[in-house]
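To keep things clear, I will list the structure first and then write my remarks on it.
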Amino acid sequence: MFDAEILKLTVSLREALDRVHIPYPQEIQWNPTPFRGRWGVGTAIAFQAAALEGKEADVQMRAQEIAELAAREIDSPAAFELVQAEKAYINAYFDIPKYAARVVDTVLQQKEDFGRGAPKGERVMVEYAQPNTHHSFHIGHARNTVLGESLARLVEFAGFETVRASYPGDIGLGVITCVWAYQKFHYGQEPEGVHERGQWLARIYHEASTLVTPKEDETREERELREQYDAERREMFRLWDSKDPEIRELWLKTREWSLDELYDILGMLGAEIDVYFFESEMDEPAKEIVEELIALGIAEDERPSGPVFVKIDEKLGLDRDKYRTSVLLRQDGTTLYSAKDLALAKRKFDTYDVDRSVYVVDVRQSLHFDQVFKILELWGFEQAKKSHHLSYGFVTLPGGMMSSRMGNVVLFMDVVAEAQRRVLDIIAEKNPSLSEDERAVVARQVGLGALNYALISVDNTKEIVFDWDKALSFEGQSAPYIQNAHVRANSILRKSEGVPDEASFDYELLEMESELIERISQFPEVVQRAATEYKPLHMSNYAFELARTFHAFYHAVPVLRSEEREARIRLTAAAKQTLANSLRLLDVEAPDRM
RNA sequence: GCGCCCGUAGCUCAGCUUGGAUAGAGCGUCGGACUUCUAAUCCGGAUGUCGCAGGUUCGAGUCCUGCCGGGCGCGCCA
């Protein structure tokens with residue numbers, strides 16, 4: 001937020017070093033100083049300058065000399081009250097009274113837009129929320145959705161035009177297996193309630209999977225029955241493929257039950273999807289595309305004695321196995337996932353005109369996306385280079401992998417219900433004055449927030465072993481901790497009877513005050529970093545740090561009964577706003593009371 | 001066999017993209033702080049061969065190479 005000031009500082013430093021004839025590298029990098037209660041930036045340029053002089057000289061000592069020389073010589077820009085050499089670093093400290101007011105004024109003026117980046121003139125599509133239909137939404141899907149939604153909010157706020165896309169897997173042998181079992185064993189049944197019905201369908205899927213999975217020591221009768229069932233579901237898939245009206249209708253009806261549940265959950269998570277692509281819709285375009293790739297000589301066609309595939313490594317001229325071979329069509333000409341993803345990518349590029357395409361999909365599909373991007377490149381799509389697979393590790397159970405097919409999943413709705421129960425218990429104990437209505441709202445905000453934060457505050461590359469107590473932690477590094485900072489700020493503001501229109505920070509600030517101001521001022525940079533690196537984790541870390549700083553401020557600095565009441569009320573309001581903006585980007589709501 | 005990811009405090013994890021100031025949090029543990037803006041909080045203590053070995057560098061948790069351990073994946077599942 002002080003780019004201009006820091007640029008001036010860089011220019012001044014360069015001039016100073018030139019005057020004393022010290023060579024230095026082109027790039028001068030400034031980072032926040034690590035000292036508590038002092039607000040400034042520092043650079044390690046003196047080390048590099050000392051090293052440039054070469055020789056066997058003691059770089060450490062020479063660096064300190066250079067830093068001192070530079071600090072003495074520099075014509076310090078107005079923004080900084082002091083430039084000094086410390087441990088061979090050149091540190092510049094902000095003129096706090098002036099810049100504290102500027103930070104706070106900016107936040108209070110821009111409000112929910114504080115931190116928003118300038119328009120970048122690029123369109124990003126974020127694809128997430130791709131659960132299979134006819135299954136149930138479990139905690140692993142929640143990781144995907146929360147990660148995707150947070151990323152979408154970040155890139156949008158950072159200044160990209162953003163399109164949210166969902167790509168439900170609504171067809172495949174698994175889906176058909178469920179439809180088959182519904183028709184054979186449960187036809188005409190339909191439980192009440194969106195989630196009850198969705199979960200019931202998922203149980204049918206699990207039952208059906210068990211029926212068609214070979215058991216150990218099965219008897220001949222069991223085997224024959226299983227093989228008969230397997231043949232029936234495959235026949236149903238064939239009928240689906242040939243657009244049999246009865247099967248299609250059955251499939252659409254049950255699909256809708258799953259989608260109803262998905263829409264409801266996306267609503268709870270505040271994910272407003274702009275475009276739904278369905279896997280089933282990619283089937284026909286995929287076939288056309290494969291023909292084109294064959295004609296272009298990119299894909300090889302061995303039908304009917306073999307499949308259609310692309311030997312990617314060979315096409316790229318690699319002599320090692322890296323991207324391997326991607327099979328696009330089965331021997332019988334039916335499409336595979338790879339072909340459908342090519343069709344989807346083409347539609348994104350052509351119809352939606354996206355410059356960057358991000359796929360939030362679990363890590364098992366890393367090779368698949370590497371292959372898709374490379375084939376798109378071979379095909380001539382420039383955007384393929386700006387396509388990114390944001391992969392994430394699975395959410396597993398202490399006992400191992402979750403699997404809808406095996407029926408051992410932790411359902412998202414169950415976790416949400418438990419989270420809300422736990423929050424209500426804590427409210428009963430800590431804040432009994434809340435009304436019934438408020439309690440219900442707060443339970444949802446805090447319960448869901450805790451869960452979302454737990455899923456987002458671990459690096460996406462890492463596996464999460466689901467643990468109820470960890471996922472629903474309300475203390476320490478957690479959403480409730482951050483929400484509570486917001487509540488405390490709000491509580492002060494409620495009692496302050498308004499926020500003064502302006503206030504001067506022309507007094508000796510306490511350590512925690514300047515620290516809080518510095519932290520707030522970092523928010524816009526964190527937005528940019530999280531968005532351009534596709535890493536919501538940066539924001540979750542920042543939000544926690546900001547909350548921690550605020551809690552410390554809250555304890556150490558009296559606001560309402562102090563000489564500096566006006567300024568501190570404004571600072572509190574700025575902190576509250578920045579906390580709210582941070583939480584929003586993490587897909588966590590910011591309650592006013594809890 | 002090949003490819004990708006992970007290995008940091010008792011446990012769970014930040015920090016690695018852009019090498020630099022005593023390696024940070026949370027949980028747990030020990031000790032303190034509620035007549036004072038909500039204690040879902042704060043303050044302080046203890047706890048580290050940053051998987052191992054080399055290399056590059058004035059400087060490596062961070063970059064490079066090899067190895068070890070774990071996970072995932074590798075032509076007709078998605």
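In the text below, chain A, chain B and the rest are named by the order of the sequence lines, each starting its count at 1.
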Salt bridge or not between A:E314 and A:R320? Use side-chain N to carboxylate O under 4.0 Å.
no
Please classify the nucleic acid contact of A:V465 as base, sugar-phosphate, or nothing, using heavy-atom distances under 4.0 Å.
nothing
Looking at every strand, decide which applies to A:D341 at a 4.0 Å heavy-atom threshold: base, sugar-phosphate, or nothing.
nothing
Mind checking the C1' distance from B:rA40 to B:rA21? Whole angstroms is fine.
35 Å
Indicate yes or no: does A:D170 engage A:R255 in a salt bridge with an N to O separation below 4.0 Å.
yes
Could you tell me how far apart A:E511 (CD) and B:rC42 (C1') are, to the nearest whole angstrom?
14 Å
We want to know whether A:H551 and A:R488 form a side-chain donor-acceptor pair, criterion being a heavy-atom distance below 3.5 angstrom.
yes
Value in whole Å for how far the C1' atom of B:rC42 lies from CZ of A:R36
11 Å
Salt bridge or not between A:R38 and A:E86? Use side-chain N to carboxylate O under 4.0 Å.
yes
A:L336 has a side chain; which of B:rA78, B:rC58, B:rA40 sits nearest to it?
B:rA78
Within the structure shown, what part of the strands sits under 4.0 Å from A:V557 by heavy-atom distance: base, sugar-phosphate, or nothing?
base
Nearest to the A:Q477 side chain among B:rC42, B:rC37, B:rA25, which nucleotide is it?
B:rA25
Looking across every strand, which nucleic acid part, if any, lies under 4.0 Å from A:F35 by heavy atom: base, sugar-phosphate, or nothing?
base
Mind checking if A:R593 touches a base, just sugar-phosphate, or nothing, with heavy atoms under 4.0 Å?
base
Between B:rC37, B:rG73, B:rU18, spot the one nearest the side chain of A:L560, thanks.
B:rC37
Rounded to the nearest angstrom, tell me the gap between atom CG in A:D313 and atom P in B:rG75.
13 Å
So A:Q331, base contact, sugar-phosphate only, or nothing? Heavy-atom distance under 4.0 Å.
base
Could you give the distance separating B:rG10 and B:rC64 at their C1' atoms, to the nearest angstrom?
33 Å
Per A:K87 side chain, nearest of listed nucleotides B:rA78, B:rA25, B:rU22:
B:rU22
Can you tell me how far C1' in B:rG24 sits from the matching atom in B:rU62, rounded to whole Å?
15 Å
OP1 or OP2 of B:rA78 versus the side-chain N and O atoms of A:Y167: is any pair under 4.0 Å?
no
When you measure from the side chain of A:V327, which nucleotide among B:rG75, B:rA25, B:rA14 comes out closest?
B:rG75
Between A:E86 and A:V446, which has a closest nucleotide on RNA chain B that is more 5'?
A:E86
What interatomic distance, in whole Å, is found between C1' of B:rG7 and the corresponding atom of B:rC50?
10 Å
Once you round it to whole Å, what is the distance between P of B:rU12 and CZ of A:F544?
18 Å
Please tell me if A:R330 has a side-chain N or O lying less than 4.0 Å from either OP1 or OP2 of B:rG75.
no
Integer angstrom distance from the P of B:rG70 to that of B:rU8:
14 Å
Contact list (N/O, under 3.5 angstrom) for nucleotides 3-10 of chain B vs protein:
residue: B:rG3; atom: OP1; partner: A:R320; partner atom: NH1; Å: 3.0
residue: B:rC4; atom: OP1; partner: A:K322; partner atom: NZ; Å: 3.3
residue: B:rG7; atom: OP1; partner: A:K462; partner atom: NZ; Å: 3.3

Could you tell me which non-hydrogen atom of A:S391 sits nearest to which non-hydrogen atom of A:S366, and how far apart they are?
CB-OG, 4.3 Å
Donor-acceptor side-chain pairing of A:T33 and A:N91 below 3.5 angstrom:
no
Mind checking if A:V559 touches a base, just sugar-phosphate, or nothing, with heavy atoms under 4.0 Å?
base
Donor-acceptor side-chain pairing of A:Q365 and A:Y337 below 3.5 angstrom:
yes
Just to be sure I understand the rule, does A:F394 reach a base, reach only the sugar-phosphate, or reach nothing, if contact means heavy atoms closer than 4.0 Å?
sugar-phosphate
Spacing of the C1' atoms in B:rA14 and B:rG26 (rounded, Å):
10 Å
Assign A:Y481 to base, sugar-phosphate, or nothing according to its heavy-atom contacts below 4.0 angstrom with the strands shown.
sugar-phosphate
Contact class for A:Q483 vs. all strands (heavy atom < 4.0 Å): base, sugar-phosphate, or nothing?
nothing
Side chain of A:E463, heavy atoms from C-beta onward: which of B:rG71, B:rC58, B:rG15 has the nearest atom to it?
B:rG71
Look at all strands and tell whether A:N431 reaches a base, only sugar-phosphate, or nothing, counting heavy atoms closer than 4.0 Å.
base
Do A:T177 and A:R233 have side-chain N/O donor and acceptor atoms under 3.5 Å apart?
yes
Length of the CD-C1' vector between A:Q64 and B:rA21, whole Å
11 Å
Which nucleotide, in any strand shown, forms a Watson-Crick or G-U wobble pair with B:rU47, with both distances under 3.5 Å?
none
Quiz question: by atom type and distance under 3.5 Å, do the side chains of A:Q60 and A:Q64 form a donor-acceptor pair?
no
Students often get this wrong, so: under 4.0 angstrom with heavy atoms, is A:E279 touching a base, only sugar-phosphate, or nothing?
sugar-phosphate
For B:rA25 versus B:rG66, give the span between their P atoms, rounded off to a whole number of Å.
36 Å
Ion pair present between A:R234 and A:D230, side-chain N to carboxylate O less than 4.0 angstrom?
yes
Watson-Crick or G-U counterpart of B:rG7, or none if no pair lies under 3.5 Å
B:rC68
Given B:rG15, B:rA40, B:rA78, identify the nucleotide with an atom nearest to the side chain of A:N132.
B:rA78
With heavy atoms under 4.0 Å as the rule, sort A:I427 into base, sugar-phosphate or nothing.
base
Does A:F553 or A:K470 map to a spot on RNA chain B nearer the 5' end, using the closest nucleotide for each?
A:K470
Any strand, both distances under 3.5 Å, Watson-Crick or G-U wobble: B:rU56 pairs with none
Roughly how many Å apart are B:rG31 and B:rA46, using the C1' atom of each and rounding to a whole number?
11 Å
B:rA21 pairs with which nucleotide, Watson-Crick or G-U wobble, both distances below 3.5 Å?
none
Just how far, in rounded Å, is C1' of B:rG59 from CD1 of A:I45?
15 Å
Separation of B:rA78 C1' from A:N144 CG (nearest whole Å)
14 Å
For B:rG71, does the O4'-C1'-N9-C4 or O4'-C1'-N1-C2 angle fall within 90° of 0, making it syn, or is it anti?
anti
Parallel under 30°, tilted from 30 to 60°, perpendicular over 60°: which one fits the rings of A:W251 and A:W240?
perpendicular
For A:R38 and B:rA21, give me the distance from atom CZ to atom P, rounded to whole Å.
17 Å
Any base atoms under 4.0 Å from A:V487, or only sugar-phosphate, or nothing? Heavy atoms, all strands.
base
Would you mind checking if A:D459 and A:K535 are paired as a salt bridge, meaning a charged N to carboxylate O distance below 4.0 Å?
yes
